[in-house]
Novice: 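If you scroll down you'll find the structure; I have some questions about it.
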There are 2 protein chains.
Amino acid sequence: MTQTLTKSEATSARIIAAAKRLFVASNYADVTTDMIAKAADVTKGGLYHHFPSKERLYVSMMLDDLERKRLLFERSTTSRGSCRDRLVQLTRDFLELPHEERELTRLVRRDINAFSGRERDRLVRAYQRALPEQVETIISQGIRNGELAPGDARILSWSFVALVEVVIGDYADHVYGSAQARLGHVVDLFFDGAAALPTGGTQ
Amino acid sequence: MTQTLTKSEATSARIIAAAKRLFVASNYADVTTDMIAKAADVTKGGLYHHFPSKERLYVSMMLDDLERKRLLFERSTTSRGSCRDRLVQLTRDFLELPHEERELTRLVRRDINAFSGRERDRLVRAYQRALPEQVETIISQGIRNGELAPGDARILSWSFVALVEVVIGDYADHVYGSAQARLGHVVDLFFDGAAALPTGGTQ
DNA sequence: AGTAAAACCGACCGGTCAGTCGGTCGGTAA
DNA sequence: TTACCGACCGACTGACCGGTCGGTTTTACT
């Protein structure tokens, strides 16, 4: 039943897959509907039979990706290890994704200015919440069980995500070793800080 | 003597100012040369008298901004306070910039896919180094004088910049209080980490 | 004032691209 | 066999945009 994709569904999926490849490699404006159609082995007419506009195709592609990631990260969010272990696990899951899937996460921030109005808001809100909210769940529990210092879980989550995005980004590759090594550094920094000594003293 | 070229320079500056406003508000492809010309109160012909192409105009705009920021941050880079104070100072200087000037820093990451080849590399390299390198100078000194734990200055700098970018970003405004308040949190996190207790013990 | 050069104008061109539309084709139900 | 329908095709269009160019105005300097 889930097995039997109708012909229509299969074509839609093929178009979305092609769009992912192309939108990751270039930017919204430079990817033409002809290119997507050709890469998906349909014509432009066929593409427009399945999607009403380029913009809606982009949004469909993003929401599709979002749902996949939500499922992927659910394991880390609901598991029972320490806060630290679970954050490492979640980040490692992300790191192990193929390059294209990782890049998709950054697409919204990159292409967001190509959109406007309702569609834009929908996309931003959905995507900004995807990763940060799952991280926040983990961090809130870390605070509650005393593993993390009391504080605002939300800003901590955003900080953690910011650090991870630096680790993940390709532009960091030529700056500092492997992504795995950087992951270790970033997690250490997040938990223990950069100061030389446990500040001790007046506290 | 500088007077002689003043008219031309004034027009160029007006065009660059208009371009900044528009490119920050939208993305590279959606800002037309006609829009820039109109906003700068010249015609397209006039614009092309001063800049040979839209791409080169964009690059000029970016390099202009880069130089302003370099000068602005020099104070923090060369002053004598503690590492922590200087990082706070530098970040505060950045926070006090008008919105548009702050956003420009994120433009490169946003629009980078609109370019290719030599121009692209030049821009990326110049911009990636602008803030991180000045931060790295401060952090290296912090490590040398024992204020920070020994480690890789570069990844620490990138991490700090990543945290600041999250603090600065408008999208964070509706998530957590004022930018100034977030700045405090982020600096604390960077130096002391999020763990509940000074890990102490075995060290 | 006279003049050459720089600054500026705006109609125009070549090309691109999202989206359209009349039509084809293979399956399927009656 | 016929009638129908969704999937798909691909030539076409209308709007737009970066860049050009011949011509006009302004500036700077004698």
Side-chain angles (χ1 to χ4, degrees), chain A residues 4-23 25-62 111-120 123, chain B residues 1-23 25-62 111 113-120 123:
Chain A
T4 41
L5 282 196
T6 66
K7 187 157 189 223
S8 178
E9 284 170 340
T11 305
S12 289
R14 230 168 52 237
I15 292 171
I16 284 188
K20 280 185 185 173
R21 244 177 293 136
L22 291 167
F23 280 127
S26 189
N27 70 3
Y28 184 76
D30 288 346
V31 175
T32 70
T33 50
D34 271 317
M35 289 163 64
I36 300 172
K38 191 167 229 176
D41 203 36
V42 291
T43 59
K44 194 149 72 164
L47 188 153
Y48 274 88
H49 176 74
H50 291 279
F51 300 94
S53 70
K54 185 185 179 187
E55 184 172 304
R56 295 281 285 278
L57 164 58
Y58 186 96
V59 171
S60 295
M61 174 193 84
M62 284 312 219
D111 290 337
I112 194 57
N113 283 276
F115 301 92
S116 58
R118 195 168 298 266
E119 219 58 60
R120 174 180 166 141
L123 211 50
Chain B
M1 20 169 57
T2 46
Q3 215 95 357
T4 316
L5 299 174
T6 291
K7 177 99 188 286
S8 180
E9 284 173 341
T11 305
S12 289
R14 230 169 52 238
I15 292 171
I16 284 188
K20 280 185 186 173
R21 243 177 296 136
L22 291 167
F23 279 128
S26 190
N27 70 2
Y28 184 76
D30 288 347
V31 175
T32 70
T33 51
D34 272 316
M35 290 164 62
I36 300 172
K38 191 166 228 177
D41 203 36
V42 292
T43 58
K44 196 150 70 165
L47 186 153
Y48 274 87
H49 176 74
H50 291 278
F51 301 93
S53 70
K54 184 186 180 186
E55 183 172 305
R56 295 282 285 276
L57 164 58
Y58 186 95
V59 171
S60 294
M61 175 192 85
M62 285 312 220
D111 289 336
N113 283 276
F115 301 93
S116 58
R118 194 168 299 266
E119 218 59 61
R120 174 181 166 139
L123 210 51

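Below, chain A is the first sequence line, B the second, and so on; all start at residue 1. Hydrogens, waters and symmetry mates are skipped; everything else that's a heavy atom, side chains included, is used.
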Novice: Does the A:Asp111 side chain pair with the main chain of A:Ala114, one donor and one acceptor, at a distance under 3.5 Å?
Specialist: no
Novice: Starting at atom CG of B:Asp41, determine the distance to atom P of C:dA7, rounded to an integer number of angstrom.
Specialist: 17 Å
Novice: Say whether, by atom type as modelled, one donor and one acceptor occur between the side chain of A:Ser26 and the main chain of A:Leu22 under 3.5 angstrom.
Specialist: no
Novice: Look at the side chain of B:Tyr28 and the backbone N and O of B:Glu55, then say whether any donor-acceptor pair between them is shorter than 3.5 Å.
Specialist: yes
Novice: In whole Å, I'd like the distance from the CD atom of B:Glu9 to the C1' atom of C:dA7.
Specialist: 14 Å
Novice: Any side-chain N or O of B:Thr33 less than 4.0 Å from the OP1 or OP2 oxygen of D:dC17?
Specialist: no
Novice: Where each residue is assigned the nucleotide of DNA chain C containing its nearest heavy atom, which of B:Arg14 and A:Asp34 is assigned the position nearer the 5′ end?
Specialist: B:Arg14
Novice: Do side-chain atoms of B:Arg56 reach the backbone of B:Phe51 as a donor and acceptor pair under 3.5 angstrom?
Specialist: no
Novice: What I want to check is whether an N or O donor and acceptor connect the side chain of B:Lys44 with the base of D:dG19 at under 3.5 Å.
Specialist: yes
Novice: Using the side-chain heavy atoms of A:Thr43, tell me which of these nucleotides is nearest: D:dC8, C:dC17, C:dG19.
Specialist: D:dC8
Novice: Take the protein atom CG of B:Asp30 and the nucleotide atom P of D:dA15, then report the distance between them rounded to whole Å.
Specialist: 19 Å
Novice: From C:dA7, C:dC9, D:dC8, pick the nucleotide closest to the side chain of A:His50?
Specialist: D:dC8
Novice: Side chain of B:Thr11: nearest nucleotide among D:dT20, D:dA7, C:dC8?
Specialist: C:dC8
Novice: In whole angstroms, how far is the P atom of D:dG18 from the CZ atom of B:Arg56?
Specialist: 17 Å
Novice: Taking only side-chain N and O atoms of A:Ser8, does any of them lie within less than 4.0 angstrom of OP1 or OP2 on D:dA7?
Specialist: yes
Novice: Check whether any side-chain nitrogen or oxygen of A:His49 sits under 4.0 Å from OP1 or OP2 of D:dC8, and answer yes or no.
Specialist: no
Novice: So do B:Arg120 and B:Asn113 actually touch side chain to side chain, heavy atoms under 4.5 Å?
Specialist: yes
Novice: How many Å lie between CD1 on B:Ile15 and P on C:dC9, as a whole number?
Specialist: 9 Å
Novice: CG of A:Leu57 versus P of C:dC17: gap in Å, rounded?
Specialist: 16 Å
Novice: Rounded to the Å, how far apart are A:Leu47 CG and C:dC21 P?
Specialist: 17 Å
Novice: Could you state the OH-P distance from B:Tyr48 to D:dT20, rounded to the nearest angstrom?
Specialist: 7 Å
